[in-house]
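Order of the sequence lines sets the chain letters (A, B, ...), proteins ahead of strands, with each chain counted from 1. The basis for the numbers below is simple: all heavy atoms, side chains too, and nothing from hydrogens, waters or symmetry mates.
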Amino acid sequence: MWSHKGKTAIAGIGTTPYYRRGASDESVTALTVRAIVDACDDAGIDPRDVDGFVSYGADHSSGTRLMPSLGTKDLRWSAMAFGGGGSGSAPAVAIAASAILAGFADTIVVYRGVSQSEGRLLELVKEDHMSPQYEVNGLAAPVEFMALRTRHMIEVAGVPQSAMRAFVRAAYFHAAKNPAASSRGHLVSEEDYETSRYIAEPYHLYDCSRENDGAAAVIVTSGERARDLRQPPAYIVAAAQSIPTDWGERGESHDPYWCSGFFTVGKRLWADAGHGPEDMDVVQVYENTVGLAVATLIELGFCSVEDAGDFFQYENLIAPDGKLPVNTAGGNIAEGFFHGMGLMLEGTRQIRGQSVNQVPDATLSLVTGGPGGQGSAVILGKDPDA
Amino acid sequence: MEVAALLDGPFRDESPFWEALDRGELQMPQCAGCGRWQWPPTPRCGWCGSFEHAWVTTELRGTLYSWTRIWTQFAPERAAHGPFVVVLIELPQAGNSRLIGTLDGPEDNLRIGAAVTGRIVPPSPEAKGMPSVVWSIDEEA
């Protein structure tokens, strides 16, 4: 068991609206500042008291860039988690928690700002992760090489595409009821999914994350301090990262090929938490493409490859009564895409009882980071001793 | 992007691969210490610790490991061509290293496990000004 279980917490969450790509007039710095101030208001703290800054995924809003807008009294911690797009989202929360546990800072904001007019994510991902052989052969975006991996998952590993369809429909069901979601009011039927255009086979349009402008932020502080703030704390029960030999940046030569890079995360995560997948009340899983999200849940042990067709049934995946409600605000594909930070906000809302698709009595809430880098996840709990 | 431009970029360790293609050869990197194949190339072999590797001329024959048909064009250079198939090829002669390529010719028997033969094509705008390998599916014996 992790000796620091429950000693840190998410105490505040903040976000801008999910603007359509290119639809915000504001700079990414302005959007990020708005999300951070919103998170401070939520927590009931003065933005000047934030003393640490953590982001990920080639974010350009350093602490020093943000501090003049926030009136920061003393910047004590400023860090970035490695990981192309969203594979740093959960690790960024872990970096914040570790700095608090070490006493380097007291109130750390973890954030991600996106303005497509200041560089699309796919350009940033390319710089870090896509060697020339991708673009030379027409693989110009992550969805396209993830399609190669998911083809393998379907045809060789044997996970049916119906798993992806059920996941998509559940996420859209949740987003339909979420007034903040890009796809609010919009349900996806099996027929809608099957007849939607392909982006890169086997990926339909609905399997892919959106592109938005905006920002989201969470405030991480000690569990003790969080108890004195405005909102019920979402305690950090575990925060694991792991990727073994034969992975890392290996072009497409890694094994098992179809995986998201999460197959060794579970062992560490569940041991640290003292819980298993069966104890999770609700899950937010990172899906830049839905095939990789299905792989992530299989790798974390929620079901086996053989059982995936039965496990990934629409009814099982929706709140409030499904066995494992997933992406209850709609996630990256249906709510909107701030590179996974939206998932962290929703995982926190579930612990507070504030989701529009609340899972009754949720006490343990899993949030994963993105695929393709080091696999990562955070477990949030209602109780520090959970 | 041109072969020369790679020499200054973060992927400069790949330059010999592209220079070989430019000469009309497929060469894959093999660790000089332990013989392990390492594509993409790494400065040091994580298994045996050697900093040396050799670029070994490899036959353009392989097995289709995965494929996707791309419908939405993120690459403007390919927009005029309509949907096209990207393939991932395992090279048995290079320790099953996997190379990305595009499909050339008929799509009959387009399936994982199919035997394929490659052909090096000269630099073109759709290949970002680089030489590349296109693969066709072997006729079933």
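Tyr206(A) and Tyr172(A) have perpendicular rings, their planes meeting at more than 60° on a 0 to 90° scale where under 30° would count as parallel. Between Tyr65(B) and Tyr257(A), the two ring planes are perpendicular [angle over 60°; tilted spans 30° to 60°].
Close approach to chain B, defined as a heavy atom under 4.5 Å from one of its heavy atoms, is seen in Arg197(A), Tyr198(A), Ile199(A), Ala200(A) of residues 191-200 of chain A, taken by number. Within residues 40-53 of chain B, the residues that have a heavy atom under 4.5 Å from a heavy atom of chain A are Pro40(B), Trp47(B), listed by number. Contacts with chain A (heavy atom to heavy atom, under 4.5 Å) involve these residues of residues 88-97 of chain B, listed by number: Leu88(B), Ser97(B).
Looking at Val85(B), there are no atoms closer than 4.5 Å to chain A (heavy atoms on both sides), in backbone or side chain. Neither the backbone nor the side chain of Thr150(A) comes within less than 4.5 Å of any heavy atom of chain B. Contacts of Gln133(A) with chain B are made by both backbone and side-chain atoms, with heavy-atom separations under 4.5 Å.
For Ala175(A) against Gly330(A), the heavy-atom pair with the smallest separation is CB-CA, 3.7 Å.
Phe312(A) places a side-chain heavy atom less than 4.5 Å from the side chain of Cys303(A).
For the salt bridge (charged side-chain N to carboxylate O under 4.0 Å, His left out) condition, the pairs that include at least one residue of residues 105-122 of chain B, sequence neighbours left out, are Arg69(B)-Glu107(B), Asp104(B)-Arg119(B), Arg111(B)-Glu140(B).
Judged by the 6.0 Å distance and 45° axis criteria, Arg78(B) is positioned over the aromatic ring of Phe84(B). Stacking of Arg98(B) on the aromatic ring of Trp39(B) is not recorded, the 6.0 Å distance cut-off and the 45° axial limit not both being met.
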